[in-house]
2 protein chains.
Amino acid sequence: MRHSQTAEARPYHHGDLRRALIDAARRVLEAEGPSALSLRAVAREAGVSPAAPYHHFKDKGELMDAVAHEGWDLLDAALAAAKAAASSSQAAMNELGVAYVCFARQNPALYRVMYDTARDREDLPDKMRGDEEGAYCKVRDTLVEAGANPADTLDIELATTAAWCSAHGLAEMAGFTQFDHLKVACGGEIAFFRAIFQHMGLVPKHRAD
Amino acid sequence: MRHSQTAEARPYHHGDLRRALIDAARRVLEAEGPSALSLRAVAREAGVSPAAPYHHFKDKGELMDAVAHEGWDLLDAALAAAKAAASSSQAAMNELGVAYVCFARQNPALYRVMYDTARDREDLPDKMRGDEEGAYCKVRDTLVEAGANPADTLDIELATTAAWCSAHGLAEMAGFTQFDHLKVACGGEIAFFRAIFQHMGLVPKHRAD
DNA sequence: GTCCGATGTGGACGATGTTTAGATAGCACT
DNA sequence: AGTGCTATCTAAACATCGTCCACATCGGAC
């Protein structure tokens with residue numbers, strides 16, 4: 001009630017423990033991997049007692065949600081940058097896909113937390129599916145710019161969903177060693193991604209390349 | 001002291017505890033979900049002490065591997081059935097995709113264990129990538145039958161990988177509530193899957209004509 | 001029948017998520 | 001100033017988990 005404009009985050013003793021805990025979680029995630037991401041380890045990393053986080057998060061899941069939320073922000077920014085850098089609207093879809101998979105490969109632990117929490121609640125975060133902004137809408141707009149018929153809204157939604165699923169599937173599989181020889185054959189990991197996207201029907205109708 | 005469904009008083013030395021533990025794990029998985037799948041819970045379900053499994057599995061991970069292994073067998077069988085039932089080689093690819101996603105939807109916890117263990121070791125199980133049999137080769141063969149050029153081995157491998165990634169991506173996303181309205185619009189979940197696969201480039205593009 | 005190794009049990013250890021009671025520190029109001 | 005109020009943090013405890021230990025027990029080879 002009192003200070004609603006500064007949001008709920010303004011701890012007294014620590015400065016901003018909520019913020020510190022999320023950062024500590026990110027640090028643990030980077031250093032030790034998802035399996036080491038325990039509430040106690042995060043509290044330890046932040047230098048507080050194991051019970052302290054409970055004044056800022058209902059339970060461990062809520063901390064994970066906060067970490068995942070930051071991940072979605074980062075992913076959204078990466079997609080925005082890729083879209084801005086695309087040379088043509090035809091190329092933009094493939095660039096989005098490559099940027100998506102590269103993000104997952106560069107932040108594997110974070111990406112895993114993002115989808116683990118999403119699947120636990122059977123919901124992608126709202127920010128992804130917003131009609132006005134968010135990654136989902138970026139993909140949809142790019143599809144329209146690439147030539148899809150904006151009047152056929154069902155078709156557009158299906159195409160957007162298909163593209164997202166394809167990219168997510170590749171992102172999850174990209175780490176498997178079975179595909180190492182394909183990466184070599186394609187001349188590098190990113191070239192491999194492009195080759196795979198070539199086989200996925202990301203761009204509507206006409207071939208982009 | 002009757003535990004779940006063990007027929008009657010079991011001999012103090014179990015007949016085949018390894019088998020019983022895997023079955024118990026499957027039962028726990030179905031009933032309580034992946035988060036409840038603890039070693040102790042499995043031992044409890046099988047009616048043995050928490051230490052008993054260690055005479056059959058090195059650690060919890062090895063039990064999970066065994067459960068996942070059964071999952072891959074089931075998935076392989078589901079794909080084989082779908083391939084056999086396909087009316088034409090053109091339709092077979094889409095049928096394989098639908099069967100894949102349906103398997104994941106009908107065994108969500110098992111599917112999650114399968115990929116969690118695979119990602120932990122950064123390896124899909126060998127049985128999936130065998131050159132002679134296994135799910136990977138089923139998809140590859142189906143692609144060739146559907147018109148892909150078998151001489152271009154790199155292209156075939158890329159197309160197979162792309163199809164697998166697409167199906168896996170859809171399988172993981174299919175549970176999200178965001179897509180409920182699309183399922184309704186398509187006239188059911190399976191119709192939704194078909195519509196999505198329609199947008200994914202599963203069937204090879206006939207570049208030669 | 002005796003022995004031995006494979007398979008079971010119970011108890012213990014450290015780590016985890018979570019809750020509780022109590023200590024501490026900043027803010028509001030006299 | 002002082003007095004509360006409340007948010008924040010600590011310490012201790014609990015149940016559960018994975019894992020290991022010493023020991024009990026069974027089944028088969030001799």
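In what follows, chains are A, B, ... by sequence order, proteins preceding strands, each numbered from 1.
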Going from CD on A:Gln178 to OG1 on B:Thr161, what distance comes out if it is rounded to the nearest 0.5 angstrom? 10.0 Å

How close or far is atom P of D:dT8 from atom CZ of A:Phe57, stated in whole angstroms? 12 Å

Distance in angstrom units between B:Glu62 CD and D:dT19 C1', rounded: 14 Å

Interatomic distance, B:Leu63 CG vs D:dT19 P [rounded to whole Å]: 10 Å

Between B:Ala51 and A:Ala52, who's closer to the 5' end of DNA chain D by nearest nucleotide? A:Ala52

Interatomic distance, B:Glu45 CD vs D:dC17 P [rounded to whole Å]: 13 Å

Pairing of B:Arg27 and B:Asp23 as salt bridge, 4.0 angstrom limit: no

To the nearest 0.5 Å, how far apart are CZ in A:Arg194 and CD in A:Glu189? 12.5 Å

Inspect the surroundings of CD1 in B:Ile190 and state if more than 12 heavy atoms from other residues, nucleotides or ligands are less than 6.0 Å away. no

A:His56 side chain N/O closer than 4.0 Å to the phosphate oxygens (OP1, OP2) of D:dC9? yes

Separation of D:dT8 atom P from A:Asp16 atom CG, nearest Å, is 10 Å

Find the distance A:Arg18:CZ to D:dC9:C1' and express it as a whole number of Å. 17 Å

Electrostatic pair A:Glu70-A:Arg19, nearest N-O below 4.0 angstrom: yes

Going by side chain to side chain donor-acceptor pair (under 3.5 Å), name the residues that satisfy it together with B:Arg18, two or more places apart in sequence or in a different chain. none

Just how far, in rounded Å, is P of D:dT10 from CG of A:Leu17? 8 Å

Between atom NE2 in A:His55 and atom C1' in C:dA21, what is the gap in whole Å? 11 Å

Distances under 3.5 Å between nitrogen or oxygen atoms of protein and nucleotides 13-17 of chain C:
unit_1, atom_1, unit_2, atom_2, d
C:dT16, OP1, A:Ser38, OG, 3.4
C:dT16, OP2, A:Arg44, NH2, 2.7
C:dG17, OP1, A:Leu39, N, 2.8
C:dG17, OP1, A:Lys60, NZ, 3.2
C:dG17, OP2, A:Leu39, N, 3.0
C:dG17, OP2, A:Arg40, N, 3.0
C:dG17, N7, A:Arg40, NH1, 2.6
C:dG17, O6, A:Arg40, NH1, 2.9

